[in-house]
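Notes for the one structure printed next.
Numbered from 1 within each chain, the chains take letters A, B, ... in sequence-line order.
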Number of protein chains: 2
Amino acid sequence: MPDFVKDNHQFHNPVEFAISKIGGTYKMPILWRLKDKKWRFSELQRSISHASDRMLSKALKELIEDGFITKEIFPEVPPRVEYNITERGIKSIAIIDALRNYGLDLMKDFGIENH
Amino acid sequence: MPDFVKDNHQFHNPVEFAISKIGGTYKMPILWRLKDKKWRFSELQRSISHASDRMLSKALKELIEDGFITKEIFPEVPPRVEYNITERGIKSIAIIDALRNYGLDLMKDFGIENH
DNA sequence: TAAGTAACTAACAAAAATGTAAGTATGCCA
DNA sequence: TGGCATACTTACATTTTTGTTAGTTACTTA
């Protein structure tokens, strides 16, 4: 597991790289929602209600830059914007699902009930 | 995916909970190393050389508190301490492996060569 | 007698992530 | 004419995570 550098940032293993791309508080929740349909900004906002405008916007922007999602702007007033998942985004769904299931197992293990 | 609270901390989904337990820069590297043998503190130090004493110590302590690893102190001078993985720790290896493989795929996708 | 060793801990500093509040554009509707 | 709606951005504050430096214990070896 040799170190490597990408975009002026040093990584020590593949997990660090993966987390740098889809980690953080909001990226996986976004990808998870986009996995089977397009979502508007305001829909994501309502659904991930603990995310502020700023954080949601920031996460979306980085996911676009990294090629996990795309953005379509409709020239209407008020504006309409739709976010769509890409091939690369689709490929991320499997680990998000695995992580989610592991999280559920851990919750059970720690005695957390999910109704 | 309802919110829940554990140890005075609010979580919004199972992934967040999983990451709170095995996330951060050093926990997965530690678990990964302990998966098939015991390691001494100094061995981990040499192997995860970018971790400072403090961070390594902190990560180990939290993994112990959360039941992923155990610690055995030998009454020798200079001291000898061995860290060992638990059942709960063993169960985490599968996602670490999955995340690692996903990371390798992503690296390839982003044009990063690993020799 | 002094330096070396393993496995730490404490105090403090810096960097990164997240949060909060306010402001922007454009046109529609009352 | 004023307020409303959507999808943002900017500036700033706070919190969390990570890093740095120095010190501790207690025995062994030079």
Whole angstrom value for the distance that separates C1' of D/dA7 from CG of A/Leu60
11 Å
Cationic tip of B/Lys21 within the cone over A/Phe110's six-membered ring, i.e. under 6.0 Å and within 45° of the normal?
yes
Is the backbone N or O of B/Phe17 less than 3.5 Å from a side-chain atom of B/Ser20, with the two atoms forming a donor-acceptor pair by type?
yes
How would you give the extent of chain B contacts on DNA chain C, as first and last nucleotide 5' to 3' within a 4.0 Å heavy-atom cut-off?
C/dT5 to C/dA11
Would the number of heavy atoms belonging to other residues, nucleotides or ligands and lying under 6.0 Å from NZ of A/Lys6 be above 12?
yes
Is there a chain of hydrophobic side chains (I, L, V, M, F, W, Y, each step under 4.5 Å between heavy atoms) that links B/Phe41 to B/Val77?
no
Side-chain contact, heavy-atom cut-off 4.5 Å: A/Phe11 with B/Ile112?
no
Please work out which residues in residues 62-73 of chain A have a non-hydrogen atom less than 4.0 Å from an atom of DNA chain D and list them by number.
A/Lys71
Its contact letters, B for base, S for sugar-phosphate only and - for none at protein heavy atoms under 4.0 Å, make nucleotides 10-29 of chain D read BB------BBB-----BB--
Treat each ILVMFWY residue as a node, draw an edge where side-chain heavy atoms are under 4.5 Å apart, and state whether A/Ile73 and A/Ile30 are in one component.
yes
Pairwise side-chain contact, A/Lys71 with A/Val81, heavy-atom cut-off 4.5 Å (strictly under):
yes
Restricting to pairs with a member in residues 85-99 of chain B, which pass side chain to side chain donor-acceptor pair (under 3.5 Å), not counting sequence neighbours?
A/Asp109-B/Arg88
Mind calculating the distance between CZ (A/Phe41) and C1' (D/dC8) to the nearest angstrom?
6 Å
Assess the pair B/Tyr26 and B/His50: is the distance between their ring centroids shorter than 6.0 Å?
yes
Residues in side chain to side chain donor-acceptor pair (under 3.5 Å) with A/Gln10, at least two apart?
A/Asp3
Within a 6.0 Å radius of atom NZ on A/Lys35, are there more than 12 heavy atoms belonging to other residues, nucleotides or ligands?
yes
Bend angle of the helix from C/dT1-D/dA30 to C/dA30-D/dT1, from helix axes over five pairs at each end, nearest 10°:
30°
Determine whether a donor-acceptor pair (N or O, by modelled atom type, separation under 3.5 Å) exists between the side chain of A/Trp39 and the backbone of A/Arg33.
yes
Using a cut-off of 4.0 Å on non-hydrogen atoms, how would the nucleic acid contact of B/Tyr83 be classed: base, sugar-phosphate, or nothing?
sugar-phosphate
Main chain of A/Glu76, side chain of A/Arg80: is a donor-acceptor contact present, judged purely on distance under 3.5 Å?
no
Could you tell me how far apart A/Glu76 (CD) and D/dT6 (P) are, to the nearest whole angstrom?
12 Å
